[in-house]
A.B. asks: 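For reference, the structure I am asking about is given below.
Bear in mind the structure is a predicted one, so any value in this text is a computation, not a measurement. Atoms considered below: every heavy atom in the structure, side chains included; atoms not considered: hydrogens, waters and symmetry mates.
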Amino acid sequence: MNVALVSAPAIRTVDVIRKKRDGVELSRSEIEYLVRGYTSGEIPDYQVAAWLMSAVIRGLTRAETAALTDAMLRSGEVLDLSEFSAKKIDKHSTGGSSR
């Protein structure tokens, strides 16, 4: 018996922007797709800017905020500071001027 594998539909950036614009909650996979696509250079600045504008206007749910925070955390190098027993905080610069 042959069983055809059904793959998940591809995520398209324009659809994610449209969903957020329309006030629909995004899934974790959609948010991970945006962060991964942007940090790899596959999604251009103007599309992420459009998504960010819609996120500011419509807001993010707690689940979306958690997914975005987690995706951003995993988008770069994560340092293991467990060898230090003291409390730890993270402060990094975006490189902007402080004038």
Side-chain angles (χ1 to χ4, degrees):
M1 175 162 126
N2 276 337
V3 178
L5 295 177
V6 178
S7 62
I11 297 173
R12 296 183 333 148
T13 307
V14 67
D15 295 332
V16 177
I17 295 167
R18 187 174 292 126
K19 277 180 73 173
K20 189 75 264 175
R21 178 201 68 194
D22 294 344
V24 178
E25 184 177 50
L26 300 177
S27 68
R28 176 173 286 273
S29 62
E30 288 168 324
I31 292 171
E32 289 170 349
Y33 162 81
L34 280 176
V35 172
R36 189 172 42 252
Y38 183 67
T39 57
S40 70
E42 295 174 27
I43 298 176
D45 291 345
Y46 70 89
Q47 285 187 311
V48 171
W51 180 79
L52 287 169
M53 182 174 60
S54 64
V56 168
I57 291 168
R58 292 297 192 161
L60 297 175
T61 65
R62 286 170 102 37
E64 288 172 319
T65 301
L68 180 59
T69 301
D70 189 54
M72 292 294 293
L73 169 73
R74 300 186 190 302
S75 70
E77 183 179 350
V78 178
L79 301 176
D80 179 6
L81 302 176
S82 62
E83 68 181 274
F84 302 106
S85 60
K87 291 183 180 182
K88 302 155 213 53
I89 61 169
D90 178 32
K91 165 63 177 97
H92 67 277
S93 172
T94 59
S97 174
S98 61
R99 290 186 213 177

A.B. asks: What side-chain donor-acceptor pairs closer than 3.5 Å can you find for residues 68-76, not counting sequence neighbours?
C.D. replies:
unit_1, atom_1, unit_2, atom_2, d
Thr69, OG1, Thr65, O, 2.8
Asp70, OD1, Arg74, NE, 3.0
Asp70, OD1, Arg74, NH2, 3.3
Asp70, OD2, Arg28, NH1, 3.3
Asp70, OD2, Arg74, NE, 3.4
Ser75, OG, Met72, O, 2.7

A.B. asks: Donor-acceptor pairs under 3.5 Å, side chain of residues 14-21 to any protein atom, not counting sequence neighbours: which ones?
C.D. replies:
unit_1, atom_1, unit_2, atom_2, d
Asp15, OD1, Arg12, NH2, 3.1
Asp15, OD1, Arg18, NH1, 3.2
Asp15, OD2, Arg12, NE, 2.8
Lys19, NZ, Glu30, OE1, 3.0
Lys19, NZ, Glu30, OE2, 2.9
Lys20, NZ, Gly59, O, 3.1
Lys20, NZ, Glu64, OE1, 2.9
Lys20, NZ, Glu64, OE2, 2.9

A.B. asks: Could you list who else is in Tyr46's hydrophobic cluster, with ILVMFWY side chains joined at under 4.5 Å, directly or through other members?
C.D. replies: none
A.B. asks: For the backbone of Val24 and the side chain of Asp22, can you confirm whether one donor and one acceptor N or O come within less than 3.5 Å of each other?
C.D. replies: no
A.B. asks: Can you tell me which residue pairs pass the salt bridge (charged side-chain N to carboxylate O under 4.0 Å, His left out) test with a partner in residues 41-61, sequence neighbours excluded?
C.D. replies: none
A.B. asks: Identify, with sequence neighbours excluded, every residue that meets side-chain hydrogen bond (donor to acceptor under 3.5 Å, both in side chains) alongside Ser85.
C.D. replies: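 Per chain and number, Ser85 pairs via side-chain hydrogen bond (donor to acceptor under 3.5 Å, both in side chains) with no residue.
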A.B. asks: Taking all non-hydrogen atoms of both residues, which atom of Ile43 and which atom of Tyr38 are closest, and how far apart?
C.D. replies: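 Looks like O-CD1, 3.4 Å.
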A.B. asks: Rounded to the nearest 0.5 Å, what separation is found between the CD1 atom of Ile11 and the CG atom of Leu34?
C.D. replies: 8.0 Å
A.B. asks: Could I get the full list of side-chain hydrogen bond (donor to acceptor under 3.5 Å, both in side chains) partners for Thr13, not counting sequence neighbours?
C.D. replies: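 By the side-chain hydrogen bond (donor to acceptor under 3.5 Å, both in side chains) rule, Thr13 matches Tyr33.
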